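Just so we're clear, the structure is a prediction, and the values are computed from it rather than from any experiment. Excluded from the calculations below are hydrogen atoms, water molecules and symmetry mates; all remaining heavy atoms, backbone and side chain alike, are included. Here is the naming used below: chain letters follow the sequence lines, and residue numbers restart at 1 for every chain.
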There are 2 protein chains.
Amino acid sequence: MKKIGKRPRGRPRALDREEALETALQLFWRHGYEGASVADLTAAMGVTPPSLYTAFGSKERLYQEALDRYGASYGSFTARALAEEPTARQAVERILQESVAVYSEGPAPRGCMLASGAVTCAPEHTKVAADLSRRRLAAISAIKARFDRAVIEGELAPSTDTEALAAFYAAVVQGLSIQARDGVDRDVLETIAATALIAWPRPPA
Amino acid sequence: MKKIGKRPRGRPRALDREEALETALQLFWRHGYEGASVADLTAAMGVTPPSLYTAFGSKERLYQEALDRYGASYGSFTARALAEEPTARQAVERILQESVAVYSEGPAPRGCMLASGAVTCAPEHTKVAADLSRRRLAAISAIKARFDRAVIEGELAPSTDTEALAAFYAAVVQGLSIQARDGVDRDVLETIAATALIAWPRPPA
DNA sequence: TCTTTTTCATAGCGATCAATATAAAAATGT
DNA sequence: ACATTTTTATATTGATCGCTATGAAAAAGA
């Protein structure tokens with residue numbers, strides 16, 4: 001059941017946009033923004049540069065689309081855990097577990113695409129780095145919002161520093177990302193996650 | 001009191017090697033290996049490319065020397081804390097505190113040079129990334145060694161998973177590095193450090 | 001002074017970077 | 001069949017990449 005409906009006039013594209021975007025995601029995830037060249041991307045997609053530029057506009061916009069796709073697929077477990085788990089504590093537990101699973105998957109683990117994308121970069125790419133930074137901070141804010149809800153619901157004490165607590169678990173996840181790429185064994189990563197949960201605040205009263 | 005002693009035959013170098021290395025360290029620290037070009041480096045040093053290559057051999061060797069210098073200066077607090085503090089717990093406490101101080105210093109924080117140097121990179125620079133990875137893992141091993149000593153000295157229980165505990169605190173430090181670069185407030189970073197200490201194992205018996 | 005040695009600055013190497021001008025190819029509309 | 005529209009592939013753009021060949025400059029040794 002392919003949606004075609006009134007195909008436009010010109011020559012049909014040979015490039016499957018979704019498939020090409022997934023290919024770009026994989027390359028950017030492994031090599032980062034600067035490390036994946038347009039030549040690498042077009043070669044992996046099996047197309048020539050003009051097709052890429054017609055479909056995505058620029059390397060920078062392609063990267064942003066790849067980040068969006070990551071957030072909606074491999075990286076969606078954070079938002080889902082925050083939305084679905086009944087308690088903030090269980091949400092954090094699931095985020096830590098799934099982080100380990102996703103980041104350390106496969107023979108050459110890739111960590112988190114947001115954490116390893118472009119923390120340092122050339123001065124001409126500061127816009128890309130700033131966008132990544134904004135996405136990382138947004139993830140912390142999302143966790144904080146869940147913790148704030150937990151305060152209202154009585155799961156966490158009103159005195160809880162929800163911003164710092166969210167930043168703490170985000171820091172652990174970011175560290176898991178780096179160490180997963182460094183090849184640290186999965187059982188060690190799992191113990192890191194378990195250790196982080198020891199710091200969870202005592203329930204109020 | 002400059003040490004001259006039998007100056008060799010040729011034209012004296014106009015390049016102060018120590019000063020140039022410090023300049024390279026600063027640039028590599030901020031922009032990473034790929035983000036700091038040879039043109040950037042020579043311009044900041046005030047020399048031309050041949051002088052840089054005569055003094056350091058290649059960009060890659062210059063980077064390694066800059067990493068060594070970092071480990072002996074800005075990044076030396078880890079080794080010193082592990083060697084100087086009377087207990088493993090106090091060593092970790094100091095490492096966390098000094099990490100926050102160093103990583104978040106200045107108007108544009110630079111985080112940790114090892115953690116932000118080249119976690120992702122182009123395929124042709126895997127050697128540099130592997131070297132950085134090795135240095136990060138060595139830092140974990142150093143912490144683990146101090147924890148093993150603490151087990152022998154009775155500070156930590158013999159059942160302690162020292163490898164995972166070391167990896168946990170390394171992960172927090174790596175997360176601090178990323179968030180410092182993202183502009184997270186210093187007081188939040190300090191609370192992250194304090195939260196990590198809550199997970200410290202209870203003393204044996 | 002003159003040779004030797006080393007470093008210096010000028011200029012440019014081939015390779016690769018992201019991005020495009022051009023025109024043929026492949027579809028629809030008439 | 002023929003014009004219109006869009007995408008395609010070929011080939012190339014200027015800029016920048018890390019690096020170096022060349023020869024002048026600046027020191028010491030003879």
Taking only side-chain nitrogens and oxygens of B:Y53, does any of them come within less than 4.0 Å of OP1 or OP2 of D:dT20? no
If you compare every side-chain N and O of B:S51 against the phosphate oxygens of C:dT7 (OP1, OP2), does one of them come in below 4.0 Å? no
Tell me which nucleotide among D:dC17, C:dA19, D:dG29 gets nearest to the side chain of B:S37. D:dC17
Measuring from the side chain of B:L15 (C-beta onward, heavy atoms only), which nucleotide among C:dT28, C:dC8, D:dT8 has the closest atom? C:dC8
Once you measure the plane-to-plane angle for A:Y169 and A:W200, does it fall in the parallel (<30°), tilted (30-60°) or perpendicular (>60°) bin? tilted
Interatomic distance where [atom1] belongs to [X] and [atom2] belongs to [N] [whole Å]:
X	N	atom1	atom2	answer
B:K59	D:dT20	NZ	P	14 Å
B:D16	C:dT7	CG	P	15 Å
B:R11	C:dT7	CZ	C1'	6 Å

Which ones in residues 38-50 of chain B lie close to DNA chain C, meaning a heavy atom under 4.0 Å from one of its atoms? B:T48, B:P50
Interface with DNA chain C, restricted to residues 124-134 of chain B and to heavy atoms under 4.0 Å: none
Are A:K59 and A:Y33 in a cation-pi contact, defined as NZ or CZ under 6.0 Å from the six-membered ring centre and within 45° of the axis? yes
Using only heavy-atom distances, decide whether a donor-acceptor pair under 3.5 angstrom links the side-chain of A:R13 to the base of D:dT7. no
